[in-house]
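This one's a predicted model, so the numbers in the text were calculated from it and none came from an experiment. Order of the sequence lines fixes the chain letters, A, B, ..., with proteins taken first and strands second; residue numbering starts at 1 for each chain.
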Amino acid sequence: MKEKLLRAIDKNSKLSPADLSRMFGVTEEEIVTMIKELEDEKVICGYPTLINWEKVEQDERVTAIIEVKVTPQRGQGFDRIAERIYKFDEVADVYLISGNYDLVVILEGKSMREIANFVSDKLSPLEAVLSTSTNFVLKKYKEHGLPLVGEVKQDERMLVTP
Amino acid sequence: MRNPLSKKVVEIKPSGIRKFFDIVSEMKDAISLGVGEPDFDTPWHIREEGIYSLEKGKTFYTSNAGLKELKEEITKYLKRRCQLEYDPAQVLVTVGGSEAIDVGLRAMLDPGDEVLIPEPCYVSYLPCVTLADGVPVTIELKAENEFRLTKQELLDAITDKTKVLIMPFPNNPTGGIMERRDLEDIAEVIIEKDLFVISDEIYSELTYGQDHVSIASLPGMKERTIVINGFSKSYAMTGWRLGYACGPKEIIDQMVKIHQFAIMCAPTTSQYAAVEALRNGDDDVAAMREAYDQRRRYLVTRLNEIGMPCFEPKGAFYVFPCIKDFGMTSDEFATTLLKEQKVAVVPGTAFGDCGEGFLRISYAYSIENLKIALDRIEVFVKGLKK
Ligand SMILES: Cc1ncc(COP(=O)(O)O)c(C=O)c1O
């Protein structure tokens, strides 16, 4: 039930406790309690909205995907260095990955210059950072399982069918 | 000039759905809860396989009964999901479950043979029986039995002309299902009276809280049953027009003969896509089933809150609330609701006379759409109760 509830609100965080209670056949109080617990356990970490910023004209923003090679630190592996990086406000996402690099850092900045400055002034000088490779995002197609491009989908079914 | 038309065809009543469709189409910005097909797109990996088959130039007829790989996958699927064991030679791939119903009846009926049809039910059984020169005999299912077919109802309808029983479960429009013990009662009668069954199991993947049981899986029934299934509902593939029939080889062979002359073969692209659906589509089916289940509970709860009582449907994607308390016929209720609140639902009578007093509401819609529609229905019902 918890997993199913999470899947439902992962797709649509606007569902109210009243809706969810009808969808899952439990009381509204049970839903509220369950969600509170999931928030307390940091299973639910927040309720952001998926926005296609490219469509917001005043908003010039640039996204970069930065691959980072680091030396893990004794006793703390990659966690310590990852934390030093993810605490910066500009950093949207940080992942530890397998492959040629160790961390992927997704940065959001107002301009390419801002991102270049962040990499040269903040990221590269960190002692554990061995090298970085910065990839600027040119176009976003899909985020969080949802397409950002293409037309709004219409219901193309006939209105009444057997 | 002579009358160019067949009397038999002219006398078939046009579908009640059609009439309602025409009224709804006139209406601008109506919200419909009236469709009988999934709102989901066909999962991309299935579509992609269809596209790939086109790229590779797989654009020819397949063998009449269907692609060998597909027939094999169908037998594996039926074993995995319905405990049914068939040989690929006992499978006919058809143009939707619709064709399988038609061809099955034509292969089995001689003029005057009676076919029992439990109602309310899908609209094609009755005309298909007539077109096959059979005599349709309807059985009125009861709301108090949650629209199951009972042993007594079946016994009461059997005459010495009865040959075939159509088993339409999970049911469109009621959402009713038959559980194993219900089916055992029916199977007993079928065997004792030496009848055959055409079991339309097109909604077999859409049951909630329990797995679908095929009547063909009961002892002694496989040799008397044509199982009809397809891809339209379970994989959201209505437009691909693909279904199948499985049964005793001697019946399937005659069905293949009709299919061969009438259709040649089911669409090739769809058959390739369907192989992918059966090989790698179980997770998609499960995810859609869960979404339908949440909508089902949402709808049943809200309808009961609003004061439109309905039993809990355990299958398909329809709810069948009773509107007898409002002093209107199903047709009047649906038409007035459409006019006043612009919500389209289908009168129960479109699925047989005994659907009077009921509406078919489909939940093949997102929760957001259901919410808007139900808010409007609530306003409408409040108005009536004043
Ligand atoms: C009960 C039932 N059987 C058969 C069909 C036919 O489906 P298809 O021909 O798309 O497989 C439908 C479609 O609505 C149905 O509801």
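- Interface residue B/Asp41: only side-chain heavy atoms are found under 4.5 Å from chain A.
- At a 4.5 Å heavy-atom cutoff, A/Leu20 makes no contact with chain B through either its backbone or its side chain.
- The pair B/Lys371-B/Asp375 fails the salt-bridge criterion, with no side-chain N (NZ, NE, NH1 or NH2) lying under 4.0 Å from an Asp/Glu carboxylate O.
- Looking at B/Ala364, the atoms closer than 4.5 Å to chain A (heavy atoms on both sides) sit in the backbone and in the side chain alike.
- Under the 4.0 Å criterion applied to side-chain N and carboxylate O atoms, B/Glu99 and B/Arg241 are not assigned as salt-bridge partners.
- Inspection of the B/Gln210 and B/Thr207 side chains reveals no N or O donor paired with an N or O acceptor under 3.5 Å.
- Contact tally against chain A (heavy-atom pairs below 4.5 Å) for B/Glu368, B/Met27, B/Glu37: the top residue is B/Glu37.
- When B/Asn172, B/Val35, B/Val123 are compared by the number of non-hydrogen pairs under 4.5 Å with chain A, B/Val35 comes out ahead.
- Electrostatic pairing of A/Lys140 and A/Glu54 does not count as a salt bridge here, judged by no charged N lying under 4.0 Å from a carboxylate O.
- The CG atom of B/Asp200 sits 8.0 Å away from the CD1 atom of B/Ile166 when rounded to the nearest 0.5 Å.
- Residues A/Arg7 and B/Glu290 are not paired through a salt bridge, judged by the lack of any N-O separation under 4.0 Å between the basic side chain and the carboxylate.
- Of the listed residues A/Lys11, A/Lys14, A/Met158, the one with more heavy-atom pairs under 4.5 angstrom with chain B than any other is A/Met158.
- Within residues 146-157 of chain A, the residues that have a heavy atom under 4.5 Å from a heavy atom of chain B are A/Lys153, A/Asp155, A/Arg157, listed by number.
- The residues A/Asp40 and A/Lys36 are annotated as salt-bridged, a charged nitrogen and a carboxylate oxygen being separated by less than 4.0 angstrom.
- Here the side chains of B/Pro347 and B/Phe333 are not in contact, with every heavy-atom distance at 4.5 Å or above.
- Considering only heavy atoms from C-beta on, A/Ile115 comes within 4.5 Å of A/Phe136 through its side chain.
- Exactly one residue among A/Thr132, A/Ile85, A/Ile97, A/Ile66 makes a side chain to side chain contact (heavy atoms under 4.5 Å, CB included) with A/Leu103. That residue is A/Ile85.
- Contacts between B/Phe21 and chain A at a heavy-atom distance below 4.5 Å involve backbone atoms as well as side-chain atoms.
- With a threshold of 4.5 angstrom between heavy atoms, B/Ile31 does not approach chain A through any atom at all.
- By the 30° and 60° cut-offs, the orientation of the rings of B/Tyr208 relative to B/Tyr363 is tilted.
- Using a 4.5 Å cut-off between heavy atoms, A/Asn12 touches chain B through its side chain atoms alone.
- Proximity to chain A is absent for every atom of B/Arg296, based on heavy atoms less than 4.5 angstrom apart.
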